[in-house]
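Numbered from 1 within each chain, the chains take letters A, B, ... in sequence-line order. The model shown is predicted, which means the values in this text are computed figures rather than measured ones.
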Amino acid sequence: MHDPKYLRENTGLIRTALGARGRDVPWDAVQKLSEERRALTTQVEQLRHELKKGSDDVARRRRTGEPTDEAVEAMKRVGDRIKEIEGRLRETEDALNDLALRIPNLPHQTVPQGSDSTHNVEVRRWGAVPSFAAPPKPHWEIGEALGILDFDRAAKIAGARFALLRGAGARLERALIDYMLDLHTTGHGYQEVLPPVIVNRQTMTGTGQLPKFEDDLFRLRDEDWFLIPTAEVPVTNLHRDEVLGEDVLPLRYTAYTPCFRREAGSYGKDTRGLIRLHQFNKVELVAFTTPEQSYQELERLTGHAEVILQSLNLPYRVVALCTGDLGFSAAKTYDIEVWLPSQGQYREISSCSNFEAFQARRANIKYRPARKDAKPDFVHTLNGSGLAVGRTMVAILEHYQQPDGSVLIPEALRPYMGGKERLTKE
RNA sequence: GGAGAGGUGGCCGAGUGGCCGAAGGCAACGGUUUGCUAAACCGUCGUAGGGGCGAAAACCUCUACCGAGGGUUCAAAUCCCUCCCUCUCCGCCA
């Protein structure tokens with residue numbers, strides 16, 4: 001959400017800066033409602049002032065024994081008038097609020113211009129793309145042959161886009177979660193949290209999933225509750241309606257959660273395998289910083305996600321999303337893409353974003369600057385996957401596949417696999 | 001699920017219709033005192049919106065906010081209703 005005052009006074013500027021990303025926004029209505037709101041607010045406040053004074057006068061008359069009937073009658077009329085204008089004000093505010101919550105964040109100056117993902121800019125590459133003697137198999141073939149992946153039974157239990165892990169596959173998933181959490185807590189200074197994966201509407205609104213993207217979420221039937229699409233949602237909202245001391249910033253959390261996505265509109269994409277599921281596991285990194293620190297923090301946080309891939313020896317590249325590919329709430333995003341041998345291309349395995357004050361304003365998360373005369377200000381929030389666990393499993397299966405059908409376990413994970421060095425048929 | 005208690009400023013806590021944005025205390029900040037620390041004393045000490053008023057800050061002023069939303073009343077932290085949350089007891093379940 002944008003600063004309401006800035007939005008009112010600079011509607012045109014925001015509109016221009018958003019370009020194509022703001023084409024759904026009814027800008028004229030935003031402008032009109034903004035101004036209407038201010039006008040009605042002024043009116044109501046003046047009338048309330050009148051009412052206050054009048055009521056004090058009634059009290060004074062009662063004490064001195066003067067007649068009050070006339071003053072009471074007059075204040076009755078003022079009260080009626082206030083109610084009427086308040087009604088209009090509320091309608092205006094509701095309408096404006098609903099629109100304002102659907103305006104995307106402004107891109108940072110360093111975000112490359114572009115209309116879609118083809119204009120994203122590769123920032124760096126790490127690791128060598130491997131070559132295989134025979135064409136590398138896709139992970140689902142490897143996993144099913146080993147007996148560690150079972151999509152048929154997952155479909156029976158739940159439906160399409162679900163997976164069942166078995167034996168060493170289940171263990172590997174758990175090992176990855178443990179490994180990532182350990183690295184981020186012990187190595188990178190994040191505090192681990194294990195949040196609820198069901199959240200309320202206000203929480204979903206705080207991070208920007210609602211009101212615009214309700215169709216992408218699973219919603220519970222009898223309550224106004226939603227399944228989280230990412231740990232970003234509960235973890236960022238940890239500090240909703242709080243004022244943090246500057247001394248606790250930057251605040252860094254890591255969380256493992258399952259994530260749930262309806263994947264509406266992605267029919268036909270990645271229908272096989274673990275790439276795109278309704279339920280998947282992710283280890284998330286979340287940070288709260290001062291406005292001055294947030295871009296430095298974005299680089300750090302992205303680096304923390306990269307370390308996981310490096311330590312697993314999986315080649316990847318980092319891509320800066322262009323203005324047209326940027327998510328709704330983000331001011332700047334780096335995607336980390338891992339090389340998938342069977343597809344012969346880099347695929348997203350992490351997305352690291354700085355939201356600046358966009359989420360903080362929605363969720364009312366502030367900090368009190370150390371400077372004594374400074375007023376509380378909104379923090380900047382950031383988050384990134386560190387990493388998507390299922391997709392890491394995909395990369396491992398494909399990269400470490402052997403001609404005999406077995407899969408080597410990356411050395412870093414072996415302590416988490418009871419010393420096991422290789423996945424073999426179960 | 002049943003019965004009861006409660007939600008007030010950063011924290012504790014008073015306040016059952018007007019003089020209450022809210023006593024008092026703690027914490028914090030500035031100062032006096034002090035060899036230093038502590039204590040004592042004085043002062044400051046919420047957030048948001050509108051206006052004065054501009055590029056902005058500061059300042060002044062008005063309005064709102066005592067869990068949320070409605071209602072009663074000339075006037076609501078205070079009375080009524082609904083909802084949310086916390087706590088205690090009972091039941092049930094993991």
Side-chain angles (χ1 to χ4, degrees), chain A residues 1-10 12-13 30-98 100-101 194-206 220 222-226 234 237-249 251 288 291 357 360-379:
Chain A
M1 187 151 69
H2 298 276
D3 175 46
K5 190 171 180 179
Y6 186 80
L7 177 63
R8 184 178 72 229
E9 292 171 356
N10 301 284
L13 277 178
V30 168
Q31 180 96 62
K32 182 167 157 286
L33 290 166
S34 292
E35 279 157 11
E36 215 166 281
R37 192 182 74 88
R38 182 168 59 153
L40 290 169
T41 301
T42 306
Q43 277 186 58
V44 166
E45 290 189 350
Q46 280 168 356
L47 286 167
R48 275 207 275 251
H49 180 61
E50 199 180 321
L51 181 72
K52 240 180 156 174
K53 288 279 173 278
S55 296
D56 288 347
D57 187 50
V58 171
R60 188 187 55 77
R61 284 167 177 272
R62 287 257 298 263
R63 279 198 302 275
T64 59
E66 291 173 65
T68 57
D69 286 5
E70 199 178 308
V72 167
E73 277 309 310
M75 286 310 108
K76 247 182 198 170
R77 285 194 297 275
V78 173
D80 289 345
R81 183 105 181 90
I82 290 173
K83 271 194 187 127
E84 182 211 325
I85 297 176
E86 271 179 344
R88 283 164 55 198
L89 177 59
R90 164 178 290 201
E91 282 171 31
T92 305
E93 276 180 335
D94 288 351
L96 177 60
N97 204 30
D98 186 63
L101 286 171
L194 186 63
V197 299
I198 295 174
V199 300
N200 59 34
R201 180 169 291 273
Q202 204 182 346
T203 295
M204 279 295 183
T205 306
L220 270 62
D222 293 325
E223 315 282 343
D224 203 19
W225 280 341
F226 301 85
N237 277 279
L238 266 186
H239 294 296
R240 193 174 72 225
D241 294 321
E242 289 185 22
V243 181
L244 307 165
E246 181 170 352
D247 53 322
V248 306
L249 301 178
L251 206 46
F288 302 80
R361 232 178 260 118
R362 290 173 160 244
N364 188 29
I365 308 168
K366 296 186 167 181
Y367 77 103
R368 189 176 300 282
R371 223 181 84 228
K372 41 222 156 268
D373 55 334
K375 293 170 68 172
D377 193 12
F378 293 110
V379 298

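Here the side chains of A:W225 and A:N200 are in contact, with some heavy-atom distance below 4.5 Å. Residues A:E36 and A:R88 fail the side-chain proximity criterion, which asks for heavy atoms closer than 4.5 Å. In this structure the side chain of A:E35 reaches within 4.5 angstrom of the side chain of A:Q31, judged on heavy atoms.
Although no hydrogens or angles enter the test, the distance criterion places a donor-acceptor pair under 3.5 Å between the side chain of A:R362 and the main chain of A:L101. The backbone N or O of A:E93 lies less than 3.5 Å from no partner atom in the side chain of A:N97, so there is not a single donor-acceptor pair. Under the 3.5 Å distance criterion, the side-chain polar atoms of A:D3 are matched with a main-chain donor or acceptor of A:Y6.
Pair assignment for B:rG43 gives B:rC29, based on Watson-Crick or G-U wobble hydrogen-bonding distances that are each under 3.5 Å. In this structure, B:rA5 forms a base pair with B:rU86, meeting either the Watson-Crick or the G-U wobble geometry with both donor-acceptor distances under 3.5 Å. Within the shown strands, nothing qualifies as a pairing partner of B:rU16 under the Watson-Crick or G-U definition with both distances less than 3.5 Å. In this structure B:rA48 sits in a base pair with B:rU63, meeting the Watson-Crick or G-U test at under 3.5 Å.
Glycosidic conformation, B:rG15: anti, with the torsion outside 90° of 0.
Looking at residues two or more places apart in sequence or on another chain, you find a side-chain contact (heavy atoms from CB on, under 4.5 Å) between A:D94 and A:R90.
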I need a per-nucleotide contact map over nucleotides 44-50 of chain B, read 5' to 3'. Cutoff is protein heavy atoms under 4.0 Å; write B for the base, S for backbone only, - otherwise. ---SSBS
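Both A:R48 and A:G79 lie close to RNA chain B; mapped to their nearest nucleotides by heavy-atom distance, the more 5′-ward contact belongs to A:R48.
A:T68 and A:R62 are not linked by any side-chain donor-acceptor pair at a separation below 3.5 angstrom, with hydrogens and angles left out of the test.
Checking the phosphate oxygens (OP1, OP2) of B:rU63, a side-chain nitrogen or oxygen of A:H49 falls inside 4.0 Å.
As rounded to whole Å, 13 Å separates atom P of B:rG51 from atom CG of A:L40.
For RNA chain B, the residues of residues 52-62 of chain A within the heavy-atom distance limit of 4.0 Å (strictly under) are A:K52, A:S55, A:V58, A:A59, A:R62, sorted by number.
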